[in-house]
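Chain identifiers are assigned alphabetically (A, B, ...) following the order of the sequence lines, protein sequences preceding nucleic acid strands; residue numbering begins at 1 within each chain.
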2 protein chains.
Amino acid sequence: MRAEALKGHLDGLLLAALEEGPLHGYAVKEALCAATGGRIDLPTGTVYPALHRLERAGLIAGSWSVVAGRRRRTYRLTEAGGRALSGERAGWQEFAAAVTTALGARPWPTTS
Amino acid sequence: MRAEALKGHLDGLLLAALEEGPLHGYAVKEALCAATGGRIDLPTGTVYPALHRLERAGLIAGSWSVVAGRRRRTYRLTEAGGRALSGERAGWQEFAAAVTTALGARPWPTTS
DNA sequence: TCGCTATATATAGCGTTGCTACGTATTGGG
DNA sequence: CCCAATACGTAGCAACGCTATATATAGCGA
């Protein structure tokens with residue numbers, strides 16, 4: 001997976017990971033990795049700043065806790081975050097359809 | 001369509017537009033706009049630098065001509081460009097599948 | 001004739017974004 | 001005892017597409 005492919009689509013993935021319940025940052029990264037069979041394996045230097053950005057935007061809300069001696073910041077989706085997630089999904093559908101059309105996407109080279 | 005959504009996927013679209021035959025820059029922009037029903041309507045300040053980049057990379061080859069008093073730079077896909085297009089398509093398939101899965105969105109209808 | 005639009009190309013500067021590389025700290029296994 | 005995994009964080013960077021602006025011609029309507 002090319003590195004820059006994700007640009008502009010990361011927020012939606014993070015919000016989606018938090019939709020089914022609160023998670024801390026590291027768990028979000030693991031959940032995305034597991035859900036995609038390792039195809040989306042984000043570096044922590046990508047995850048944490050993105051979560052901070054989403055929190056600043058009011059789309060997620062975080063709270064500190066300590067589990068097994070390690071401090072954790074657990075995030076939950078806010079109402080605004082839920083609405084944003086719906087928007088991201090709709091935007092993705094439209095974007096993916098447009099690119100698939102324009103690309104004439106065939107996984108295999110034209111066999112003709 | 002969010003502006004930054006396209007990041008990292010523009011090259012493939014431009015290459016795809018040139019696959020069926022040489023076009024000049026303005027025609028590439030029009031072709032993409034027409035193919036997607038106006039959903040991908042690139043500003044010229046996006047198209048021309050991108051074409052220059054693809055030409056520098058050897059994926060397309062350009063030549064000047066004059067038609068109706070206006071100078072045109074017509075681009076054709078090189079062999080390397082054809083291979084790159086195949087790679088872009090494969091990469092798009094993988095990326096789109098991963099994002100669709102992680103986003104929990106319905107797979108887009110076609111190609112099932 | 002004048003102005004507007006479409007056609008056609010080009011570049012400088014900007015903002016956003018994800019990544020690399022690093023730093024801190026604890027737990028637990030080899 | 002070291003090292004991996006867990007868990008969080010930031011600084012700096014490079015890439016990319018967009019905005020704004022510039023140039024120039026053709027053709028149309030007022």
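Residues forming a salt bridge (charged side-chain N to carboxylate O under 4.0 Å, His left out) with A/Glu19 (at least two apart in sequence, or on another chain): A/Arg89. The salt bridge (charged side-chain N to carboxylate O under 4.0 Å, His left out) check on B/Arg53 picks up B/Asp11, with sequence neighbours excluded. Applying the side chain to side chain donor-acceptor pair (under 3.5 Å) test to B/Lys29 and every residue at least two apart in sequence or in another chain returns B/Asp41. Residues meeting the side chain to side chain contact (heavy atoms under 4.5 Å, CB included) test with A/Ala61, sequence neighbours left out: A/Arg76, A/Thr78. Evaluation of the side chain to side chain contact (heavy atoms under 4.5 Å, CB included) rule for B/Thr36 yields A/Ala98, A/Ala102, B/Arg39, B/Ile40 as partners, not counting sequence neighbours. By the side chain to side chain contact (heavy atoms under 4.5 Å, CB included) test, A/Ala34 pairs with no residue at all, sequence neighbours left out.
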Atom pairs, N/O to N/O, protein against nucleotides 27-30 of chain C, distance under 3.5 Å?
from	atom 1	to	atom 2	distance (Å)
C/dT27	O4'	A/Arg70	NH2	3.0

> Just by protein heavy atoms under 4.0 Å, how would nucleotides 10-16 of chain C read 5' to 3' in B, S and -?
Replying inline: BB---BB
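Atom pair A/His9:NE2 and C/dG18:P shows a separation of 9 Å (rounding to whole Å applied). Rounding to whole angstrom units, CZ of residue A/Arg53 and C1' of D/dC8 are separated by 17 Å. Atom pair B/Leu10:CG and D/dG17:P shows a separation of 4 Å (rounding to whole Å applied). C/dA6 atom P lies 17 Å from atom CZ of B/Arg72, rounded to whole Å. Atom pair A/Leu42:CG and D/dC8:C1' shows a separation of 16 Å (rounding to whole Å applied). If you measure from atom CD of B/Glu30 to atom C1' of C/dT7, you get 9 Å, rounded to the nearest angstrom.
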Show me the donor-acceptor pairs, under 3.5 Å and distance only, between side chains in residues 68-75 of chain A and residues at least two apart or in other chains.
from	atom 1	to	atom 2	distance (Å)
A/Arg73	NH2	A/Glu55	OE2	2.7
A/Arg73	NH2	A/Gly62	O	3.2

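Residue B/Val66 shares its hydrophobic cluster (ILVMFWY side chains chained together at separations under 4.5 Å) with no other residue.
Residue pairs meeting the ring pair (Phe, Tyr, Trp, His ring centres under 6.0 Å) criterion with at least one partner in residues 7-55 of chain B, sequence neighbours excluded, are A/Phe95-B/His9, B/His9-B/Trp92, B/His9-B/Phe95.
Within residues 18-29 of chain A, the residues that place at least one heavy atom under 4.0 Å from DNA chain D are, in residue-number order, A/His24, A/Gly25, A/Tyr26.
Note: A/Leu14 CG to A/Leu32 CG = 6.0 Å, rounded to the nearest 0.5 Å.
Distance from the side chain of A/Leu6 is smallest for C/dG18 among the nucleotides C/dG18, D/dC18, D/dC8.
Using a 4.5 Å cut-off on side-chain heavy atoms (C-beta onward), B/Leu54 and B/Leu18 make no contact.
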